[in-house]
Protein chains: 2
Amino acid sequence: MEDDKRTVRAVGRALDVLLCFTGKSDWGLSEIANQVGLHKSTVHRLLATLEDRGFVIRDEGTEKYRLGLRVLELSSSQSRPNDPSVVLLPEMERLRDQLGETVSLYVRDRTERVRIQAVQSEQAIRRVAPVGARLPLSVGASSKVLLAFAEPSVQSAALADPAWPQTLDKETYARQLDDIVDSGYSTSFEEREPGAAAVAAPIFNRAGKLVAALAVSGPSNRLTPEVMHNQAAFIMEAARRMGALLG
Amino acid sequence: MEDDKRTVRAVGRALDVLLCFTGKSDWGLSEIANQVGLHKSTVHRLLATLEDRGFVIRDEGTEKYRLGLRVLELSSSQSRPNDPSVVLLPEMERLRDQLGETVSLYVRDRTERVRIQAVQSEQAIRRVAPVGARLPLSVGASSKVLLAFAEPSVQSAALADPAWPQTLDKETYARQLDDIVDSGYSTSFEEREPGAAAVAAPIFNRAGKLVAALAVSGPSNRLTPEVMHNQAAFIMEAARRMGALLG
DNA sequence: AACACAGTTTCATAGAGTGAAACGAGGGAC
DNA sequence: GTCCCTCGTTTCACTCTATGAAACTGTGTT
């Protein structure tokens with residue numbers, strides 16, 4: 001409400017329209033208008049602008065809107081040299097082969113986390129982990145790692161976020177984070193998703209700054225607490241090696 | 001100029017700001033203002049809005065702007081099931097192994113073409129082909145394929161585009177396109193980039209609609225006109241198989 | 001110290017964006 | 001066939017938003 005004056009309303013609305021396309025690829029005009037809470041005619045103009053610049057296209061046949069190729073163009077020009085998601089990929093594959101489970105790489109983005117890289121397990125039952133997925137910073141092994149080793153200001157900002165689940169007891173949570181700092185890794189067992197479990201360790205760059213969380217995840221019947229405890233040493237070792245690869 | 005009334009100026013400007021980040025990842029405020037021809041304060045507000053929604057972030061250290069992770073999120077939710085870029089990937093790898101050169105997949109986007117998928121040659125000297133790259137629809141083997149087999153309205157729109165090179169003789173070009181329709185493939189020899197050559201063939205879906213161009217490209221000393229002529233049959237055969245994989 | 005340059009904020013004004021309403025175009029239902 | 005519902009498109013008067021000049025702050029350079 002305070003920095004609304006520093007932003008441009010029409011642009012913010014257009015970006016909100018664009019963000020509709022995460023999770024659902026085909027949208028009708030009225031559908032979007034309903035979703036973002038704007039008038040049809042307003043959304044129509046915003047979409048016309050987005051379409052003009054190639055950010056959305058209209059499916060021929062069904063007249064529905066869909067993301068355009070400008071998005072691909074942007075994202076491909078996003079990755080810079082010594083980008084963690086490409087530099088660390090070989091090490092992630094090595095760890096996947098060593099443990100046989102899906103390996104993911106997460107970074108914090110404000111009060112959420114984003115999976116910036118993943119290599120899938122090759123087992124029949126495996127964790128599928130789409131790159132680019134945005135997840136809450138509250139639950140899950142990687143979330144706790146990203147918070148436990150973050151600066152205090154980051155922690156308090158995350159807890160103050162309206163999206164933070166009110167059901168979590170903050171004291172218990174804080175103690176859990178302390179334990180993670182002590183042990184150097186974090187686990188989660190059916191915490192965010194039923195049937196899934198994960199181990200995560202922090203990756204620090206050479207300057208000692210937390211840059212990402214390395215996570216190994218799989219079905220909870222394979223990744224029992226004992227198994228995860230045994231894997232933790234390997235994961236921390238891999239995370240250490242990865243940190244050395246970063247600027 | 002005509003449909004400017006149907007679009008939202010501020011949004012268009014914001015998207016133009018966003019598009020600065022294709023080709024150069026780090027931008028200062030004044031730099032962007034200069035690039036897009038807007039006032040500093042205007043760009044400042046647009047960037048604040050883009051930052052608020054996570055489309056750009058500011059590098060800590062250098063205060064420069066850079067693309068945010070929302071872009072990754074969007075692009076990853078872009079690929080739909082039976083998307084050519086994933087369905088055709090195995091066939092592209094097969095062709096790469098068969099011919100030993102870089103294989104690219106292009107689609108037309110208005111009056112340009114975009115590389116939506118690529119598999120790199122494994123030779124020491126190879127064509128590097130970043131996915132997402134946007135190229136002119138005038139020159140290059142794939143361009144000519146995408147135009148030759150397109151509907152007449154598409155062809156005339158491309159020729160009428162202000163970006164179309166005035167140096168090309170339209171009659172010679174039209175004859176060239178006719179030849180491509182007859183032979184079923186297209187070649188280019190140091191046409192767009194010095195030292196590079198390519199062969200391309202059209203991919204039609206089951207309904208007979210042109211959906212993409214399949215291109216094999218490499219250094220011009222390996223891909224001589226004779227070599228490319230010999231490879232053409234394999235490429236057309238691969239393109240035919242790929243078309244059968246599409247809806 | 002003086003300067004140059006980048007980013008930020010303020011503010012009066014113009015005109016751009018807004019949303020209600022009307023319009024036109026399918027597409028079922030009956 | 002008609003009616004009706006819904007979707008996308010267009011118009012238009014009004015308000016409030018976006019704009020850009022200018023002032024301001026901060027940082028590094030000469």
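Naming convention: chains lettered A, B, ... in sequence-line order (proteins, then strands); numbering from 1 in each chain. Just the heavy atoms: all of them, side chains too, but no hydrogens, waters or symmetry mates, feed the values below.
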Given atom CD of B:Glu51 and atom C1' of C:dG7, what is their separation to the nearest angstrom? 13 Å
Kindly say if B:Thr42 contacts the phosphate of D:dT19, meaning a side-chain N or O under 4.0 Å from OP1 or OP2. no
Nearest to the A:Arg9 side chain among C:dG19, D:dA18, C:dT9, which nucleotide is it? D:dA18
Taking the side chain as every heavy atom from C-beta outward, state whether A:Val36 and A:Arg13 have any pair of such atoms under 4.5 Å apart. no
Between P on C:dA16 and CG on B:Leu38, what's the gap in Å once rounded to a whole number? 14 Å
Can B:Arg58 be said to sit on top of B:Tyr65's aromatic six-ring, NZ or CZ under 6.0 Å from centre and within 45° of the ring axis? yes
Could you pull out the closest heavy-atom pair between A:Ala10 and B:Val11, with the gap in Å? O-CG2, 3.4 Å
Looking at B:Arg6, I'd like to know whether one of its side-chain N or O atoms comes within less than 4.0 Å of OP1 or OP2 on D:dT9. no
Taking the basic N atoms (NZ, or NE/NH1/NH2) and the acidic carboxylate oxygens, is any pair closer than 4.0 Å for A:Glu112 and B:Arg70? yes
Whole-Å gap separating P (D:dA23) and NE2 (B:His44): 19 Å
Taken to the nearest whole Å, CG/B:Leu46 to C1'/C:dG7 is 15 Å
Side-chain atoms of A:Arg13 come closest, of D:dT19, C:dT18, C:dT9, to C:dT18
Rounded to whole angstroms, how far apart are CG on B:Leu47 and P on D:dA18? 15 Å
Look at the side chain of A:Arg58 and decide which nucleotide, out of D:dG8, C:dG17, C:dT8, has an atom nearest to it. D:dG8
Whole-Å distance separating the CG atom of B:Leu29 from the P atom of D:dG26: 17 Å
For A:Asp26 and D:dG8, give me the distance from atom CG to atom P, rounded to whole Å. 12 Å
Given atom NZ of B:Lys40 and atom C1' of D:dT25, what is their separation to the nearest angstrom? 11 Å
So B:Ser30, base contact, sugar-phosphate only, or nothing? Heavy-atom distance under 4.0 Å. sugar-phosphate
Can you give me the closest heavy-atom contact between A:Leu146 and A:Leu210, atom names plus distance? O-CD2, 3.5 Å
So which one's nearest nucleotide on DNA chain C is more toward 5', B:Arg45 or B:Glu31? B:Glu31
